[in-house]
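Every chain is numbered from 1, with letters handed out A, B, ... down the list of sequences. Predicted model only: the values in this text are computed from it and were never measured.
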Amino acid sequence: MKTGTKKEIKKETKEKTSHTKTNTSSTKNTSSTFHPIPTPSPSPSIILDIENISKAFGGVHALDKCTFSVDQGSLTALIGPNGSGKTTMFNVISRLIQEDHGKIILQQSSVDKLADYSLARQGISRTFQQVRLFRNLTIRDHLEIALDQDDESLLKSIKYELQKIAHAILTRSSSRNLSSPNPSSPYIAPNTTHKKINKVLALVGLQKPLTTYVTDLSYGQRKLLDLAIAIAKPHTILLLDEPVAGINPQLRDQIKAILRNLHQQGETILLIEHDMNFVMGLAQKIYVMDHGTVIAQGTPLQIRTNPQVLQVYLGE
Amino acid sequence: MIQTYLIHLFILIGIYIILTLSLNLTIGYSGLLNLGHVALFGIGAYTSTLLVMNGLPFLLSFLTAGILAAISGALLYGLTRKLKGDYLALATLGFSFVIYSIMLNWIDLTRGPLGIPGIPKPLIFGLTIQSTGVYLFFTFIITLISIGILTLITRSTFGRLLQAARDDEIGLRVLGKNTYALRYKSMAIAGFFAGIAGSIYAHYISYIDPSSFSLTNLIFLLTAVIVGGLASVRGSIIAPFILILIPEALRFIDMPSSILGPLRQIIYCLILLVILLYRPRGICGRIDLQ
Ligand SMILES: Nc1ncnc2c1ncn2[C@@H]1O[C@H](COP(=O)(O)OP(=O)(O)O)[C@@H](O)[C@H]1O
Ligand SMILES: [Mg+2]
């Protein structure tokens with residue numbers, strides 16, 4: 001655990017937070033085992049800590065001693081020109097790519113030994129720049145898979161299936177009229193799951209029948225579903241890779257409002273965005289990446305007036 | 001006479017339904033282009049034959065055939081799991097050739113190309129299944145149970161995860177699902193059913209040699225999966241009927257057997273071609289593989 005000795009990052013505090021040096025919360029160092037933090041602690045603490053991450057693809061240094069951190073409950077933005085290494089950073093964090101050097105600490109635990117799916121279970125939920133959906137499944141399938149963290153057991157899922165059949169036989173006369181709305185997915189969600197699905201769809205504003213196949217959704221609707229899946233999956237931090245890329249201005253505003261809403265509900269969000277203007281009224285803290293490293297950090301106001309940042313963006 | 005002949009066909013259809021459906025679990029539902037299925041079928045046939053001929057009870061041999069083929073299926077996945085698409089197909093095809101070659105060359109065990117004749121009829125609960133009618137009944141029951149179990153699996157949340165992994169493996173892993181574990185299980189299940197199908201086949205035909213588990217048979221199974229439709233249980237039940245019954249109609253045309261064999265192959269090809277041209281997703285297929 002290097003959290004305490006880590007090179008101090010000058011912390012720019014926002015309105016309500018007091019001027020504490022947040023990343024020296026040494027009490028958190030007592031245990032290295034993973035303990036999910038159910039409620040946000042009163043003073044912000046670091047939930048995700050990236051230390052000196054480097055990654056080269058052949059001769060391309062996609063990440064070069066990249067260092068930053070994300071506070072619990074914050075909305076942090078990672079901006080930078082195309083090819084500056086933002087997506088690679090996400091891939092390293094989510095263990096899809098192994099870093100060459102450096103360290104990633106999620107809630108006081110190092111993640112370097114974890115497989116991608118185990119890390120996801122530890123509380124990281126992410127989206128991709130290019131929407132990744134299951135093309136032969138419905139909206140409901142997607143959200144149920146995201147919500148249900150216990151569906152991999154073969155025996156359990158068969159037992160559940162048998163219970164459903166028994167239930168269907170017992171209530172035969174009534175179910176005949178209500179014949180399954182979607183033949184591809186006879187799975188009927190338990191009530192709580194159903195409520196959660198409706199809630200998250202309402203949150204992102206996706207109004208489509210649950211039995212719609214994702215191939216029948218527009219690009220914007222897919223982006224919304226993608227976001228809904230990431231939100232639905234149990235998590236402690238949301239990593240969003242360009243959630244508004246290629247989206248019309250109206251939907252853009254809608255997504256901005258969703259993100260603001262999520263943040264107000266106490267979510268921790270790390271957002272990649274290419275467009276500086278989008279994150280201006282949104283993020284509390286911005287890190288600017290260029291050539292695989294963080295070249296500037298601060299509040300939106302500080303970033304907007306930082307000459308180095310302007311140069312990077314103008315030189316693009 | 002015609003009755004015995006029909007019984008024979010329906011026993012074969014039952015066996016091929018189990019084989020097609022279990023192959024579809026890996027190819028259609030799991031998206032693994034698995035060409036090792038025919039080897040698992042062979043492993044089941046030889047295991048059951050050798051165990052029964054060495055004095056083990058039939059039911060125990062039957063189950064062991066399934067379990068050994070299941071283990072082989074899981075092992076095959078373990079060896080090839082990092083491969084994708086064409087490479088996976090090639091590697092699993094290699095597995096089929098290796099097993100075929102073992103059957104051919106491990107003469108002490110398998111008698112090689114001579115094959116094993118005189119495989120006894122199953123002895124279940126003290127009764128030997130002598131008549132083909134009873135054997136058809138036995139096959140029918142096993143086929144029905146297999147269809148039931150595989151339908152349950154494909155419809156369960158587990159089956160849905162297999163489909164999700166097929167559509168986007170990375171997308172599923174970042175949701176916290178261990179796609180390797182899912183696919184191990186899928187290959188093991190498919191192996192189990194291929195193995196028991198091998199046992200039913202061996203004890204019915206009463207003679208096996210390596211040629212029963214060759215490329216020709218693999219192509220037949222693949223054709224059945226495609227004609228029925230990827231990820232379709234119904235399709236995998238219908239296709240063996242079509243592919244076995246239609247060429248059989250040829251028998252009633254007066255024709256030398258030297259022409260009959262090749263003609264049968266031509267008919268399979270024609271059926272496959274017609275399906276691919278006019279119903280690319282198969283008779284009952286629904287899924288779309290990019
Ligand atoms: N898998 C990869 N193989 C080779 N080069 C890669 C790979 N992924 C990213 N890169 C390179 O790393 C650099 C950073 O890319 P990326 O992280 O996608 O940037 P950003 O998301 O900021 O636009 C680019 O030069 C890109 O070409
Ligand atoms: Mg990117």
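Nearest heavy-atom pair across A:Phe134 and B:Ala164 is CD2-O, 3.2 Å. The two atoms that bring B:Gly176 and A:Lys233 nearest to each other are N-CE, 4.4 Å, heavy atoms only. Nearest heavy-atom pair, B:Arg173 versus A:Ala120, reported as atom, atom and distance to 0.1 Å: O-CB, 3.8 Å. Summarising the geometry of B:Asn178 relative to A:Arg121, their closest heavy-atom pair is N-NH2, 3.8 Å, with the distance given to 0.1 Å. Residues A:Ala146 and B:Leu175 approach most closely at CB-CD2, 4.3 Å, considering heavy atoms. Across B:Lys177 and A:Tyr117, no two heavy atoms sit closer than the pair O-CB, 3.4 Å.
Heavy-atom neighbours of A:Tyr219 OH from other residues, nucleotides or ligands within 6.0 Å: above the threshold of 12. Atom CZ of B:Phe125 sits in a sparse spot, with 12 or fewer heavy atoms from other residues, nucleotides or ligands closer than 6.0 Å.
If you measure heavy-atom distances from A:Ile165 to chain B, the contacts under 4.5 Å come from the side chain alone. For A:Leu96, the part lying near chain B is the side chain, with the backbone staying farther off; criterion is any non-hydrogen pair under 4.5 Å.
Rounded to the nearest 0.5 angstrom, A:Ser157 OG and B:Leu161 CG are separated by 8.0 Å. In this structure, the separation between CG on A:Leu162 and CG on B:Leu152 is 5.0 Å, given to the nearest 0.5 Å.
A donor-acceptor pair is defined here as one N or O able to donate and one able to accept, closer than 3.5 Å; such a pair exists between the side chain of B:Lys185 and the backbone of A:Glu152. A donor-acceptor pair under 3.5 Å is absent between the side-chain atoms of A:Arg135 and the main chain of B:Asp167, judged by distance alone.
If you tally non-hydrogen atom pairs under 4.5 Å between each of B:Ile170, B:Thr154, B:Ile153 and chain A, the highest count goes to B:Ile170.
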| task | In sequence, state the C-alpha distance, the side-chain angles, and the governing distance for B:Val174 and A:Asp116, and then conclude on side-chain contact (heavy atoms from CB on, under 4.5 Å). | result | CA-CA 6 Å; B:Val174 299; A:Asp116 45 12; 5.6 Å; no

| request: Go through A:Glu144 and B:Arg160 one step at a time and tell me if the side-chain contact (heavy atoms from CB on, under 4.5 Å) criterion holds. | output: CA-CA 10 Å; A:Glu144 282 174 2; B:Arg160 185 171 58 185; 2.6 Å; yes

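Inter-residue side-chain proximity for A:Ile145 and B:Leu172 is flagged as met; some heavy-atom pair is nearer than 4.5 Å.
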